[in-house]
Amino acid sequence: MTMPYGSWPSPLSAADVSASPPRIDGARFVGDEIWWGESVPSQGGRVTVRSSSGREILPEPWNARSRVHEYGGGAWTADAEGTLYFVNAADQRVHRMLRGGAPEPLTAPGAQFGGLTVQQGRLFAVREDLRGKEHWRGIAEIPTDGSAADDDSAAWVSHYGSGFYAHPSLSPDGTRLAYVQWTEQRMPWEHARVAVVHLESGSLTPVPCRAALQPEWLSDDELLYADDATGRWNLHLARIAEDTPPPAQTPPATTEPFLLADADTGGALWVLGTRWYAVLDDGRIVAVRTNGGDAVVLIDPAAGTERRLELPATAEVSIDDVSGSRVLISGAGAEVSRGLWFVDVDSDEVTAIRGGEPADPGWCPPARAVTFDGPHGAVHAFDYRPANPDATAPDGELPPYIVMVHGGPTSHVSGAASDAYAYWTSRGIGVLDVNYGGSTGYGRAYRKRLDGQWGVVDVDDVIAAAQGLAEAGVADPARIAIKGGSAGGWTVLSALVRGGAFAAGISRYGVADLRMLASDTHDFEKHYLNGLVGPLPEAEAVYIARSPLTHADRIDVPVLLLQGADDKVVPPSQSEAIRDALAARGVPHEYVLYPGEGHGFRRAETIVSSLQTELRFLGTTFGFEPRL
């Protein structure tokens, strides 16, 4: 049938999107089973743990979610015998649950934990205590017998302080613990180090590095880690000297590149527990390589060979666990839904454990990788064109488009198949997903374009992408909207202030006032704006000049504002300030506040409501009759 773009009938509803395969939250080999974490939107976004046997391991109302560093991660793990360890969302205490038993606490009320990992029968985690005037963090070893359930203050094993910690890794002989640490003045992708604590003496061996990630031991004195000293996150090798008891200074480790490639094995460390590579028992390495999209390679250092594994996953790939030649890999793919796969690197067996269903190319064709010329260099993006086997547009009509702006702003998109995007494209609305300057996945130089230029480079890049799409005759230049959340919402509002490129904007919990963000934000991002904009109070004039709220009188197109009522990262006051400024000038707008939602929407009813509200908003703005 012939119908205008935007009004095509689609079998994909907003409820279908809310019920689509969830993001996998870690996976483990547990005996003969595979366990994985996943969110349940229909239960308020609760994170449960499931088994390949069909059992739900973590029953309601228990919810495995960490708040460490605000963004959490690594909220559960398990040992080979089937004991589950998890951080309970309600109280942030670590709990143990034996097979067939009920959860019992291992840590005391008050502190919070994340990045849980069981190594050689010992349970390690990142511990964060925000109760005092000074906030303290470090690596903890948690007794698994419950002896710290009333007082876990003695559980520290690392030197600890007001900085941030991640990735604890125990040496094979159990005498040393490596971890990643960075100060509160820097973000981990700017500068983070690996340190090795000798557990008996307490002495530290520093490992010279730039922005380190994920230390893994090859032997008792050889440590592998990722670092972007070359401009890409590549694997490096550190040799650790023998322990020198205090007060003598333990000499720094000697380091050398281990595997170099023009791609990243690593990314922005927003959440704990992410793994970009793993070492097999025989010394081979399975690693993610990101250069726009993701590839997974099998590396044999002894033979000096590597080969790409043929996998459906090509985006957001995590190497979750290994056992023998078996690997658990989660992520998304260009032609499959988000999922978890079992991979045997010797037999090349690949089995979908959860999700990973093939996308119907008639409704969801693969995204096209595209590049546009921008004022700061090439701008990378992925183009999802309208597709519907049962509908065509009238001759000569160009489709409306949504330019998507990811958050972070150091996040990254990789052209994965997405029900959330097919919701738009199946109705005749194109989607352009932009990796603007500052995004990861293209090396340090691309990421550093945004240094001191947040609100400038990102805006220039999304405008260049929108204009390039229109100039190529792909999109209707009068019907291009821009949508983003958090830092992406900042870019949305900043682009609307600039004017000229976008006919509508959708901001989800977007930053509107930099000074308000600087004063309200949490510890993890307390100094983030120093690098993105400049330090306060010296750069206060820049903060004022860059903030969309300062220039809200320049916004002259319809705006939809969606906000979580419980958002601690970007409080509702930011969206409400923009709402009030638009209302004062009579600019068409909508503001929707979702009770119970924080920074990012997790509940099924919120996902459904927000998508339907966005579709109705664009239909009204762009003049088509949407089919919900």
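Please read these numbers as outputs of a predicted model, since none were measured by experiment.
Checked against Arg289 for a side-chain contact (heavy atoms from CB on, under 4.5 Å), the options Glu306, Arg232, Arg308 give a single hit: Glu306.
Salt-bridge annotation for Asp264 and Arg447: absent, with no side-chain N of the basic residue lying under 4.0 Å from a carboxylate O of the acidic one. Of the charged side-chain nitrogens involved, none lies within less than 4.0 Å of a carboxylate oxygen, so that Arg307 and Asp300 do not count as a salt-bridged pair. A salt bridge between Lys568 and Glu70 is absent, with no side-chain N of the basic residue lying under 4.0 Å from a carboxylate O of the acidic one.
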Starting from the C-alpha separation in whole Å, work towards a yes-or-no answer on salt bridge (Lys or Arg N to Asp or Glu O under 4.0 Å) for Arg508 and Asp567.
CA-CA 11 Å; Arg508 291 182 170 215; Asp567 195 334; over 6 Å; no
Please step through ring pair (Phe, Tyr, Trp, His ring centres under 6.0 Å) for the pair Tyr401 and Trp424, ending with a clear verdict.
CA-CA 9 Å; Tyr401 254 78; Trp424 301 105; over 10 Å; no
Are Tyr446 and His380 close enough, and set up right, to give a ring pair (Phe, Tyr, Trp, His ring centres under 6.0 Å), and what steps lead you there?
CA-CA 10 Å; Tyr446 195 80; His380 301 288; 5.3 Å; yes
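Taking the six-membered ring for Trp and the full ring otherwise, the centers of Trp270 and Trp189 sit less than 6.0 Å from each other. Ring centers of Phe601 and Tyr509: under 6.0 Å apart, within the cut-off. Ring-centre distance between Trp35 and Trp76: not below the 6.0 Å cut-off. For His522 and Tyr71, the gap between ring centers is short of 6.0 Å.
Under the 30°/60° scheme for interplanar angles, the aromatic rings of Phe164 and Trp182 are found to lie parallel.
To the nearest 0.5 angstrom, Phe617 atom CZ is 6.0 Å from Ile506 atom CD1.
With a 6.0 Å radius and a threshold of 12 heavy atoms from other residues, nucleotides or ligands, Asp373 has its CG atom at or below the threshold.
Between Arg28 and Val49, every side-chain heavy-atom pair lies at or beyond the 4.5 Å cut-off. Annotation: side chain of Asp460 is not in contact with side chain of Val379 (no heavy-atom distance under 4.5 Å).
Ala211 meets the side-chain contact (heavy atoms from CB on, under 4.5 Å) test with Asp227, Asp228, Trp233, Arg444; sequence neighbours excluded.
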